[in-house]
Amino acid sequence: MTAKSSMGARVGRTIRSFAAGAALATLGLAAAGEASAADRVKIEWWNAAGGRLAEITNKLIADFNASQDKYEVVGIGKGNYEETMAAMVAAYRVRQQPVLIQAAERGFLTMYNSGAVIPVPELMEKEGYKIDWNDFVAPVAGFYLVDGKPAAMPFNSSTPIFWYNADHFKAAGFDKPGETWQEVDKQLRAIKEKGVSKCQMALANDFYWSLIENYAAIHDQPYGTKANGFGGLDTEFIFNKSPLVVGQVTRLKTWMDAGILQIAGQGLSPDQLFNSGTCSTYVASTAAHAAVESGAKFTWSATFLPHEEGVQPKNSTIGGGALWVLKGKSEEEYAGAAAFLNFVASPKTQVWWSKQTGYVPVTNAAYEQAKSEGYYKDHPTREIAILQLTRGTPTDNSRGFRFGNHNQSMALLVEEIQGVWTGQKTPQQALDAAVARGNQILRQYEQLHAAK
C-alpha cells in the first residue's frame, strides 16, 4: 500500500467514524427530544374546525406548544359541531372524554346542564390566572354568562354580514347595497332585469340563523318567551306571531319564485356561488372572509345586514363556538388547559386569530389593539361584524337565543321552510308548524332538566 493510499484509508476511517458518531449523536438528540415531548402533559382538545379554519387552528395549537415546554395541546378534529358534540357524549359515558371541547353557541344549554363541565372562571381562578371577564365584548361574553361570569371561554365568535359583488352593483348603477330590505329588493330586481348576473342572491345554508333568527334580533322581535330562553327552561317559541318575521319568509319566497334567490345545487355551496361571480350577494358569517379573500376573482365588499324601513336596527347575535372544560381529568391536565385558555384569551392571540379567520376579537383589548394598528382602515369589512354586534343596547330580543336542544328545533324550522320553497305551505303555515313542533322539544328538555 502506498503512502497516498494509506493516508486515504485513514481519512476514510476517520470520516466513517465521525459519521457514525454524528449519527449516534443525532439519534441521541432525537431520543432526548422524544423524551422531552413525552414528558409534556398532553391536553386533548376536540374541535370542529375544517378546511382553512383547521389549518389556522393547528397553527394556534403549534404556537402554544412552542411557547412553553410543560404542556402539549393535541387538537383532534371531530367533524362539525353536531358530530363533535355526539362524539363527546359517547366518550364521556366511557370516561374517554377530552379535556377541552369546542361547542357551538346553540349547544350552550346542552353543555351547561350536562353536569359534565367545569366553569372556565372556576378553573382559571384555581390555577392562578386573572382574566378580566368585563373586558370581553359584551354581546359575545353576555351570551355565555351565568351569574355574571361566562361558563365557557368565548372562542370563534361571529355574526352574519351582507356580502356583495361590487362589480355587479356598479354595472347596475349602484354604489353599494341599500340599508333597508326595501332598497335591496329594488336593487336585486334591477340587477336581474339588466342581465348583470344569473343569480342575485345565494341562499345561505344557515339561513335560519342569518336571515330569520338575526332578522328577529335586529328588529327587536321576540323569538321566544322568557327573554328568548335566558329567563328559564319554560320558554316557548313565538316567532310565528311576528308579522315582520312572517314577512321576511314571504319576501324570500317571492325572490325564489322570481329567480332572484337561488339554492345551491348538488355539489355546490352558497359561498361557491358567490365566489365564482354567479350570485351577486349572499348573507353569511364574517368568518367567510378567508374563503372570499382567497376565492373571489372580482371586486367584492360587505356591509351591515339590511333592516326594514322605519326601523332603528338593534345588534345582531353571535354564532360560532366556545371552549368548554370537561370533568374527570387530572390536575396536571387542568393546569395545562388553563395555560392554553389564558394563551387563547391574550390580546396578541386574539388579534392574530381574528386577522387569520375573520372571526371577531372577543375582548375589547384585542379590538382596540387591532384598531390602533390601523388594521380596520386597511380591512374595513373586517370591522363590520363587531360594529353590528355592539350596535345599540341589547334587549331581551337581541341578546341571543338560549333554548334547550336548539339544534333539533332549528332542524325542524329548516324542514318546515323547505315546504315554503316547494309551495307546499305558506310562510305562516310553515312557521306555525315549526313553533308547534319546536315547543314539544322545549317541553321535553324542560322535563328532563327542570328537576336538576
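To the nearest 0.5 Å, atoms CG (L252) and CH2 (W421) are separated by 4.5 Å. Here CG of L273 is found 11.0 Å from OG of S197. Values are rounded to the nearest 0.5 Å. The OH atom of Y215 sits 14.5 Å away from the OG1 atom of T317 when rounded to the nearest 0.5 Å. Expressed to the nearest 0.5 Å, how far CG of L53 lies from CH2 of W353 amounts to 4.5 Å. In this structure, CE in M410 is found 13.0 Å from CZ in F401, a value given to the nearest 0.5 Å. Atom CH2 of W255 and atom CZ of R189 lie 8.0 Å apart (nearest 0.5 Å).
The heavy-atom pair separating G328 from Y334 by the smallest distance is N-OH, 3.1 Å. Annotation for N364 and N134: closest pair ND2-O, 4.1 Å, computed over non-hydrogen atoms. Across G404 and L442, no two heavy atoms sit closer than the pair O-CD2, 3.7 Å. I131 and A345 get closest at one heavy-atom pair: CD1-CB, 4.4 Å. T250 approaches P427 most closely through the heavy-atom pair OG1-CG, 3.4 Å. When all heavy atoms are compared, the tightest approach of H307 to P313 is CD2-CG, 3.7 Å.
With respect to L261, the side chain to side chain contact (heavy atoms under 4.5 Å, CB included) criterion is satisfied by exactly one of M201, R251, Q200: M201. F155 pairs in a ring-ring contact (aromatic ring centres under 6.0 Å, His included) with only one of the listed residues (Y359, W45, F340), which is W45. No option in F239, F230, Y208 other than F239 meets the ring-ring contact (aromatic ring centres under 6.0 Å, His included) test with Y223. Of the candidates E373, Q350, H289, K355 forms a side chain to side chain donor-acceptor pair (under 3.5 Å) with just one, namely E373.
Counting only distance, with no hydrogens or angles, the side chain of E383 and the backbone of H379 share no donor-acceptor pair below 3.5 Å. Using modelled atom types, one side-chain atom of Q248 and one backbone atom of L211 make a donor-acceptor pair closer than 3.5 Å. A donor-acceptor contact shorter than 3.5 Å is absent between the side chain of K192 and the backbone of I260. Using modelled atom types, one side-chain atom of N58 and one backbone atom of A54 make a donor-acceptor pair closer than 3.5 Å. For N228 (side chain) and G224 (main-chain N/O), a donor-acceptor pair under 3.5 Å exists by modelled atom type. Between the E127 side chain and the Y129 main chain, no donor and acceptor come within less than 3.5 Å of each other. In this structure a side-chain-to-backbone donor-acceptor pair under 3.5 Å is present from W181 to P306. Between the Q182 side chain and the T180 main chain, no donor and acceptor come within less than 3.5 Å of each other. Between the K329 side chain and the Q97 main chain, a donor and an acceptor come within less than 3.5 Å of each other. For the pair R391 (side chain) and S316 (backbone), a donor-acceptor distance under 3.5 Å is absent.
In this structure, L305 and P160 have side chains that are in contact, with non-hydrogen atoms separated by less than 4.5 Å. The side-chain heavy atoms of K176 and Q187, taken from C-beta on, include no pair separated by under 4.5 Å. Residues K253 and K425 fail the side-chain proximity criterion, which asks for heavy atoms closer than 4.5 Å. Side-chain contact between P270 and N205: present, with at least one pair of heavy atoms (C-beta onward) separated by less than 4.5 Å. Counting heavy atoms from C-beta on, the side chains of T390 and P139 come closer than 4.5 Å. Side-chain contact check for L431 versus E416: every heavy-atom pair is 4.5 Å or farther apart. For the pair L100/E44, no side-chain contact is recorded, criterion being any heavy-atom separation below 4.5 Å from C-beta on. Residues N397 and K314 fail the side-chain proximity criterion, which asks for heavy atoms closer than 4.5 Å.
Taking the charged nitrogens against the carboxylate oxygens, E55 and R52 do have a contact shorter than 4.0 Å, which makes a salt bridge.
Between F274 and W300, the ring center distance fails the sub-6.0 Å criterion. The six-membered or imidazole ring of Y164 lies near that of F169, with a centre-to-centre distance under 6.0 Å.
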- Task: Could you go through the side chain to side chain donor-acceptor pair (under 3.5 Å) check for E213 and H406 one step at a time?
- Result: CA-CA 12 Å; E213 290 179 352; H406 199 177; 3.3 Å; yes
- For side-chain contact (heavy atoms from CB on, under 4.5 Å), just list the numbers for W209 and S158, CA-CA rounded to whole Å, side-chain angles, deciding distance to a tenth of an Å, and then say yes or no. CA-CA 11 Å; W209 172 62; S158 63; 3.8 Å; yes
- Residue pair W352, I56: steps toward the side-chain contact (heavy atoms from CB on, under 4.5 Å) verdict: CA-CA 10 Å; W352 175 85; I56 300 169; 3.7 Å; yes
- Task: Go through T57 and N47 one step at a time and tell me if the side chain to side chain donor-acceptor pair (under 3.5 Å) criterion holds.
- Result: CA-CA 9 Å; T57 299; N47 61 68; 5.5 Å; no
- Step-by-step ring pair (Phe, Tyr, Trp, His ring centres under 6.0 Å) determination, W324 to Y92: CA-CA 14 Å; W324 295 79; Y92 195 86; over 10 Å; no
- Task: Begin from the C-alpha positions of F403 and N405 and carry the test side-chain contact (heavy atoms from CB on, under 4.5 Å) through to its verdict.
- Result: CA-CA 6 Å; F403 301 113; N405 289 335; over 6 Å; no
- Task: Verify side-chain contact (heavy atoms from CB on, under 4.5 Å) between L60 and F343, making sure each step is shown before the conclusion.
- Result: CA-CA 10 Å; L60 172 72; F343 176 83; 3.8 Å; yes
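Annotation: D378, atom CG; neighbour count of heavy atoms from other residues, nucleotides and ligands within 6.0 Å is above 12. The local environment of CG in D175 is sparse, with at most 12 non-hydrogen atoms from other residues, nucleotides or ligands closer than 6.0 Å. Residue Y112 qualifies as open at atom OH: its count of foreign heavy atoms under 6.0 Å is 12 or below. Crowding of E183 atom CD: a count of heavy atoms from other residues, nucleotides or ligands under 6.0 Å exceeding 12.
Remark: E179 engages no residue in a side chain to side chain donor-acceptor pair (under 3.5 Å) (not counting sequence neighbours).
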Acceptor/donor pairs from residues 74-91 side chains to any protein atom, 3.5 angstrom cut, sequence neighbours excluded:
unit_1: N80; atom_1: OD1; unit_2: E82; atom_2: N; d: 3.1
unit_1: N80; atom_1: OD1; unit_2: E83; atom_2: N; d: 2.8
unit_1: Y81; atom_1: OH; unit_2: N156; atom_2: ND2; d: 2.7
unit_1: E83; atom_1: OE1; unit_2: N80; atom_2: N; d: 2.9
unit_1: T84; atom_1: OG1; unit_2: N80; atom_2: O; d: 2.8

